[in-house]
Amino acid sequence: MIPVAFDYEKVKTVEEAIAALSGDDLKILAGGHSLIPAMKLRLSRPGKLIDIGGITALKDIKEEDGEIVIGAGATHADIMYHNLIRTHLPFFTEGAATIGDMQVRNWGTIGGSLAHADPAADWPAMVLAADATIEMQGVKGRRNIKATEFFTGLFATVLEPNELITAVRIAIPPDGTKSTYQKFAQPASRFALAACAVMRFPDGRTNIAFTGVGDHAFRDTGAEQAISGKAIDDASVEAAMLAALQNVDVMSDHYASEPYRRHLSKVYLKKALMAVKS
Amino acid sequence: MSTRINVTVNGLQYSHMVEPRLLLVNYLRDVLRLTGTHVGCDTSSCGACTIHVNGKATKCCTLLAVQADGCEITTIEGLSHNGELHPLQEGFNECHGLQCGFCTPGMIMMAADLLQHNPQPTEESIRHALEGNFCRCTGYQNIVKSVQYAAEKMKMSEAVH
């Protein structure tokens, strides 16, 4: 399968990328592991690709002012192997290892995954649970937005056509914070049929996010309120499962019906809560 | 519109004008005539097209040739040295790790990436590393044995040197 012909520009810096983003009918190429398959199937036919894969400054993973800063161009494998991530955000290490397969993890990037906003992608749930900030840059300058405000619908985000994600910032969690990513993977694609990311702080505050469940990843405030500040035990887990997915339009497709996916999501919430139980 | 790419493949340098939409697998097979890299599913699922780009296992049906500009590429043809099989190639031979052989180049290239990161993998980590490579003949048992054989052989030769 061969994509429709397109123009191609490789950029070396973020500034060059933004300058190149002024035209219409173009797409940013990061790792390309969602975009190229879509182009091969001719579901996507951009007139021009701006290849940001050579921007080395976007690949950094570092600690800065009490935050972990993950460059948008860091691959899933870069994140999976990084000691800073393993130390402070162990559920990113755990979750990255479940994305696609090793070959995909070697090319796919966190920025690409967030911008693409596949409803069953893994990073959206993890960055939501980590209460991350998404850093973007465009012709109008730089802006930061909370992950909770970033995803707006099916493959839809607040990103403007002439903006790119430059980094994901996460406040370093206090010692004693526990986190997990629990996924029921579609056996062929490894995308989430339902997955739950949980970050539980030492004071009992609990962030809970789902992916693969609705048309975009989301924080489940009902479940969070039911468990936050309480000991994790049978009763509180039961209460969180009951409170979860209120007013959520749960997806139904040929892999999982709506009632099955709803049930699965709650089971994975339970698994996640048991995994962060101290 | 064509773009020039410069790549090193199995130690040899190449420079070609390519269409941006040319997939790396088609560049390797049709331009360089390195047909050891197979096209199986053509949808980045099966792993038959796995090669190394800058040392990392890559499904080259899902990469544009222009993305590999400036990169070092190794294909199955570049794995043996001086006519001596790589321990993985030997392992697949010794342990009956293939039947039809279509998936084998991809299996071996993925396993080579694994052994770089983890020279003594458990059976579980071998299976996890190979989850993006499909075999429709063997049931994977002998593929896992072949990788274990190679890991053991590489450990022995490390001890000798």
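All chains are named by letter (A, B, ...) in the order of the sequence lines, taking the proteins before the strands, and each is independently numbered beginning at 1.
For a residue to count as touching a neighbouring chain, one of its non-hydrogen atoms must lie under 4.5 Å from one of that chain's; by this rule A:Leu35 does not touch chain B. Contacts between B:Val39 and chain A at a heavy-atom distance below 4.5 Å are absent for every atom of the residue. For B:Leu64, the parts lying under 4.5 angstrom from a heavy atom of chain A are both the backbone and the side chain. For a residue to count as touching a neighbouring chain, one of its non-hydrogen atoms must lie under 4.5 Å from one of that chain's; by this rule B:Leu114 does not touch chain A.
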Run the side-chain contact (heavy atoms from CB on, under 4.5 Å) check on B:Val66 and A:Leu49 step by step: do they pass?
CA-CA 11 Å; B:Val66 287; A:Leu49 291 188; over 6 Å; no
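Annotation: maximal heavy-atom pairing with chain A below 4.5 Å, among B:Ala129, B:Cys61, B:Gly47, occurs at B:Cys61. When the candidates A:Gly31, A:Ala5, A:Pro37 are compared by the number of heavy-atom contacts under 4.5 Å with chain B, A:Ala5 comes out ahead.
More than 12 heavy atoms of other shown residues, nucleotides or ligands fall within 6.0 angstrom of atom CG in A:Leu41.
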Below 3.5 Å only, please: all the donor-acceptor pairs between chain B and chain A, one per line.
from     : atom 1 : to       : atom 2 : distance (Å)
B:Arg21  : NH1    : A:Pro3   : O      : 2.9
B:Asp42  : O      : A:Lys40  : NZ     : 2.9
B:Asp42  : OD1    : A:Lys40  : NZ     : 2.6
B:Asp42  : OD2    : A:Met1   : N      : 2.5
B:Thr50  : OG1    : A:Gln103 : NE2    : 3.0
B:Ala57  : O      : A:Asn106 : ND2    : 2.9
B:Thr58  : OG1    : A:Trp107 : NE1    : 2.8
B:Lys59  : NZ     : A:Asp101 : OD2    : 2.6
B:Cys61  : O      : A:Lys40  : NZ     : 2.7
B:Gln67  : NE2    : A:Gly31  : O      : 3.4
B:His128 : NE2    : A:Ala97  : O      : 3.3
B:Glu131 : OE1    : A:Arg190 : NH2    : 3.4
B:Asn133 : OD1    : A:Gln103 : NE2    : 2.8

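Residues of residues 97-109 of chain B placed with any heavy atom under 4.5 Å of a heavy atom in chain A are absent; none qualify.
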